[in-house]
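Scroll down for the structure; my scribbles are underneath it.
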Amino acid sequence: MSIIIGEEIKKVVKERRVTVAWLAHEIGCHRTNIYRIFNSASIDTDILLRLSKVLHYNFFNLYSEAVSSENNF
């Protein structure tokens, strides 16, 4: 199972009904960087942590679930 994290982040942003400008402000970056994140297959863990906190969604669980399902933990 391949995770395209940018797509997952974009889904949560849409579900939370927050703007890109708001999100960029909350994590301390420019909104163009948010659009880059939406198009990314991978992401720095520090940024992912900040996004998880601001959006109240644990994106790390996506990876945990993928590891568990692939290795039958």
Side-chain angles (χ1 to χ4, degrees):
M1 178 177 137
S2 179
I3 298 168
I4 309 298
I5 194 63
E7 291 176 6
E8 299 298 327
I9 294 166
K10 187 175 183 178
K11 284 181 202 174
V12 173
V13 166
K14 187 174 181 178
E15 288 171 6
R16 299 288 192 265
R17 296 184 176 158
V18 298
T19 66
V20 170
W22 176 87
L23 183 58
H25 174 46
E26 291 297 309
I27 69 166
C29 72
H30 195 274
R31 63 188 185 114
T32 57
N33 291 337
I34 300 298
Y35 291 112
R36 284 189 198 122
I37 289 170
F38 289 165
N39 292 316
S40 296
S42 64
I43 189 170
D44 179 82
T45 55
D46 181 58
I47 296 170
L48 191 60
L49 179 60
R50 286 189 275 161
L51 289 166
S52 293
K53 288 179 179 179
V54 169
L55 294 170
H56 304 287
Y57 186 93
N58 188 346
F59 292 102
F60 294 95
N61 278 343
L62 298 171
Y63 293 102
S64 294
E65 291 169 6
V67 169
S68 295
S69 66
E70 289 178 14
N71 293 316
N72 297 319
F73 289 135

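Worth saying up front: this structure is predicted, and the values here are computed from it rather than measured.
Here the shortest heavy-atom pairing between Leu62 and Ile3 reads O-CD1, 3.3 Å. The heavy-atom pair separating His30 from Ala24 by the smallest distance is C-CB, 3.8 Å. Residues Trp22 and Thr19 approach most closely at N-OG1, 2.9 Å, considering heavy atoms.
With rounding to the nearest 0.5 Å, the separation of CZ in Phe38 from NZ in Lys14 is 11.0 Å. Rounding to the nearest 0.5 Å places CD1 of Ile34 at 12.0 Å from CG of Asn39. With values rounded to the nearest 0.5 angstrom, Cys29 atom SG is found 9.5 Å from Arg36 atom CZ. Rounding to the nearest 0.5 angstrom, the gap separating the CD1 atom in Ile4 from the CD1 atom in Ile9 is 11.5 Å. Here CD of Glu8 is found 12.0 Å from CG of Asn61. Values are rounded to the nearest 0.5 Å. Here CG of Leu48 is found 6.5 Å from OH of Tyr63. Values are rounded to the nearest 0.5 Å.
When each of Ile27, Val12, Ile5 is paired with Leu51, the side-chain contact (heavy atoms from CB on, under 4.5 Å) condition holds for Ile27 and for no other.
In this structure, Glu7 does not pair ionically with Lys10, as no charged nitrogen and carboxylate oxygen lie closer than 4.0 Å.
The 12-atom threshold is exceeded at CZ of Arg16, counting heavy atoms of other residues, nucleotides or ligands nearer than 6.0 Å.
Ring geometry for Tyr57 against Phe59 counts as tilted: the plane angle lies between 30° and 60°, on a 0 to 90° scale.
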